[in-house]
Amino acid sequence: MSDQLKFIVEKLNKEPFKKNFNLITFDSLESMQLLQLLNDVLGEIDPKQVVDIREELPEQTAKRMLSLLGILKYKPPGGTSDLSTFRQGLVIGSKPVIHPVLHWLLQRTNELKKRAYLARFLIKVDVPAEFLQDDAVSDTNRQYEELMEAFKNLHKECEQLKTSGFSTAEIRRDITAMEEEKDQLMKRVERLKKRVETVQNHQRMLEMARQLRVEKEREESLSQQKQEQKNQLFHAEQRLQRVQLQLKDMRHAAVDSKPESLMKRLEEETKFNTYLVSEKFPRELEIKKQSLYFLQKVVAEPAMGQSDLNELETKINEVNIQINQLIEKRMMKYEPIDSKFSMYRQQASIISRKKAAKAEELQAAKEELSNLEKQMLQKSSQARELNGAEVLKGDEFKRYVNKLRSKNTLYKKKRLDIAEITAEYGILQRTEELLKQRHEDIQQQLQAIEDKKGISGYSYTQEELERVSAVKSEMDEMKGRTLDNMSEMVKKLNAMVADKKSSLAPIIKDLRQLRQKCQELTQECGEKKTQYDSCAAGLESNRSALEQEVKALHEECIQEESRYHHINCMKKILEVSLQRAKDEMKLYVSSDMQERRKAIREQYTRMITEQENLGKKLREKQKSVRESHGPNLKQVKMWRDFQLLMECKKECFLKQQNQASIGQVIQEGGEDRLVL
């Protein structure tokens, strides 16, 4: 609790609250102050909650706070059993209720802000089914749902952009760079326009170039359509090959087959499919539904902490212990009866498991076979695309190998020629290096001679003049060729445009008819869509009403069924008790003494008499023990005193014996001295 208070005070002293609390001042806050503090924290999460609680009734404050806490998925510490206590504590501003709420809110403020912001737009307004039958209301509701879905998508895109790593500075730099590139391109275009303006008929040439670009784009689109049609043709050929392969397999299977074998195979397939449909798939579907139900239940639950998980784990362990105890009791109770059928049950369970395993293996083998067939078709199609022919077999493959061998020998010869040429290239390269070095030496000598004669730079100037004249002559030739090429290009462009117009005229005519037909179909589609939407809205409203009615009836049926089972169990328990009472009455009224002795009353009567006799004997024994207790204690005390007395006498006797032996030794020593 102290850690919790420290955390709350620390968070409240920071931005944006700045309360300047310590543990003593925070703990001494009154209920109204605590409620106002809680309202301030909720106002930071949701700006709509920024109010003064003194200006509204306590019930309204509690209702407003409870609704927001429900939206934020707050779970009280006590669970659903203490909800009334939680509401009362929230109304009166109880510290044990407010402190955990503040701790929970301040722990995850940013997350709760996002949840409160999304709740304003994603909490769906429940419209009664009878109002949805109105067209205007249903259209408005549909638009509302569409806008909600659009908001979800936009929010997801916004979050992805926030987490993608893009920044405004980088985008601005990219924009400025693109603007600079745009300016450079505009300048280049202006320069090119100025160059082209000096050429004769430049407008006509530009128009021809524009038409050429349009025709190239159209050619690209037509090539794309051609490629798409080729792909469609390729897929159609693949489907045809698969069908032909299936037909071939079926014919091959039908050649050596008999009606009996076909019937047997069909029966096996029917049995296998029946097992899959009636046993395996329903069991797997039930398991998936159960897991989906549990997952939906978990999703519907509010957010859980580590303490809640620990409590659930302890509950699960307790329930498992109880289940094990009940199973042990049941086994101990019904073991003699079930022992007769245990062997058969084990065998049946083993067979069912083997059956399920074999069915899964068979299904996996079928899937693997289909995948291998698909791969084989793909490989064969790839081989045809690469080589233009089928996969080689037999003699064709041998000829292909011989051809490869001859190509291999030719390749080796060419490789030797390349090695010789490479060696010769190395020699020529070395020769070139030597000649370059010699040329540099001669140039240096020439420069030294020019310096001596006073005409330095003469050879370089002469070379430059020769080079410039050569470049000028090449440019003149290039200009002439360029003008000739441009005139030829214009002629070719005119011819190509005329050809394209003549080839595209029937296509354009068909396209006009198709456009008119497309407009008619679009109009008809719009009319049909409006009819469908109106009909679907009516059917949807009827369906929702019927679903609610079916749901109510289903719940009522479940309740009645559970009540029926409860009454039936109670009836069986009462019947068993009544039967035991009848048997007991029959045995008690019976004239036969042996039968009467079997009665429970007689048995309990005998047991009571035996216990009474035993009690009398024990009481008599207790009385005798009490009477002899005092003398027995005295006797025990006398025996202990006697034992102590005997031990004392024993010690005295032992001491006397030791002293007598020591005196005798001394006396013998004195007599020996006298003799000496």
Side-chain angles (χ1 to χ4, degrees), residues 16 39 41-51 56 60-61 63-75 104-105 108-168 171-172 175 292-293 295-303 518-519 521-552:
N39 191 78
V41 176
L42 293 175
E44 180 63 27
I45 293 171
D46 188 4
K48 291 183 179 180
Q49 305 294 324
V50 180
V51 294
E56 63 180 357
Q60 294 178 355
T61 304
K63 186 177 180 181
R64 179 170 54 80
M65 290 181 178
L66 283 171
S67 62
L68 182 59
L69 289 174
I71 291 170
L72 298 178
K73 294 184 179 180
Y74 173 71
K75 186 178 179 183
W104 186 79
L105 291 174
R108 43 183 72 84
T109 307
N110 295 326
E111 179 185 352
L112 296 177
K113 280 183 181 179
K114 186 187 291 185
R115 189 175 293 173
Y117 168 73
L118 293 175
R120 282 189 288 171
F121 305 101
L122 297 182
I123 293 178
K124 192 175 180 182
V125 180
D126 292 330
V127 182
E130 56 269 14
F131 294 147
L132 288 174
Q133 294 178 0
D134 190 3
D135 294 337
V137 176
S138 63
D139 292 337
T140 306
N141 189 30
R142 185 170 64 254
Q143 291 177 4
Y144 168 67
E145 292 177 353
E146 290 175 357
L147 289 173
M148 188 181 291
E149 292 295 328
F151 174 76
K152 288 181 183 178
N153 296 327
L154 289 173
H155 180 70
K156 288 179 182 177
E157 291 177 2
C158 180
E159 292 295 326
Q160 289 175 359
L161 288 174
K162 285 181 180 179
T163 57
S164 61
F166 292 110
S167 62
T168 55
I171 295 171
R172 286 173 182 170
I175 290 171
L292 178 62
Y293 170 73
L295 290 173
Q296 289 176 351
K297 192 173 179 182
V298 170
V299 170
E301 289 285 334
C518 178
Q519 290 177 357
L521 291 173
T522 305
Q523 186 177 2
E524 186 179 357
C525 178
E527 295 174 356
K528 297 293 184 183
K529 189 176 181 182
T530 54
Q531 294 177 3
Y532 168 75
D533 291 336
S534 61
C535 182
L539 292 174
E540 185 67 23
S541 61
N542 294 330
R543 186 182 68 82
S544 61
L546 290 172
E547 281 183 354
Q548 291 179 357
E549 186 178 356
V550 168
K551 187 177 180 181

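As a basis for the values below, the full set of heavy atoms in this structure was taken, side chains included, without hydrogen atoms, waters or symmetry mates.
The distance from the CG atom of Asn141 to the CD atom of Glu146 is 10.0 Å, given to the nearest 0.5 Å. Atom CD of Glu547 and atom NZ of Lys551 lie 9.5 Å apart (nearest 0.5 Å). One distance of note links CZ of Arg64 with CG of Leu66; it measures 10.5 Å at 0.5 Å rounding. Interatomic distance, OH of Tyr74 versus CG of Leu68, reported as 13.0 Å (0.5 Å rounding). The CG atom of Leu546 sits 9.5 Å away from the CD atom of Gln548 when rounded to the nearest 0.5 Å.
Heavy-atom neighbours of Lys63 NZ from other residues, nucleotides or ligands within 6.0 Å: at or below the threshold of 12.
One finds no salt bridge joining Lys114 and Glu111 here, because no Lys/Arg side-chain nitrogen approaches an Asp/Glu carboxylate oxygen to under 4.0 Å.
Tyr117 pairs by the ring-ring contact (aromatic ring centres under 6.0 Å, His included) definition with Phe121, not counting sequence neighbours. Every salt bridge (Lys or Arg N to Asp or Glu O under 4.0 Å) that Lys152 has, sequence neighbours left out, goes to Glu149.
Closest heavy-atom contact between Leu112 and Ile45: O-CG2, 3.5 Å. Residues Ile71 and Ala119 approach most closely at CG2-CB, 3.3 Å, considering heavy atoms. Contact between Leu118 and Phe151 at its shortest, heavy atoms only, is CD2-CE2, 3.8 Å.
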Test Arg142 against Glu145 for salt bridge (charged side-chain N to carboxylate O under 4.0 Å, His left out), laying out the working first.
-> CA-CA 5 Å; Arg142 185 170 64 254; Glu145 292 177 353; over 6 Å; no
Test side chain to side chain contact (heavy atoms under 4.5 Å, CB included) applied to Leu154 and Glu157, step by step | CA-CA 5 Å; Leu154 289 173; Glu157 291 177 2; 4.0 Å; yes
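None of Gln519, Glu524, Gln523 except one satisfies the side chain to side chain contact (heavy atoms under 4.5 Å, CB included) rule with Leu521; the exception is Glu524.
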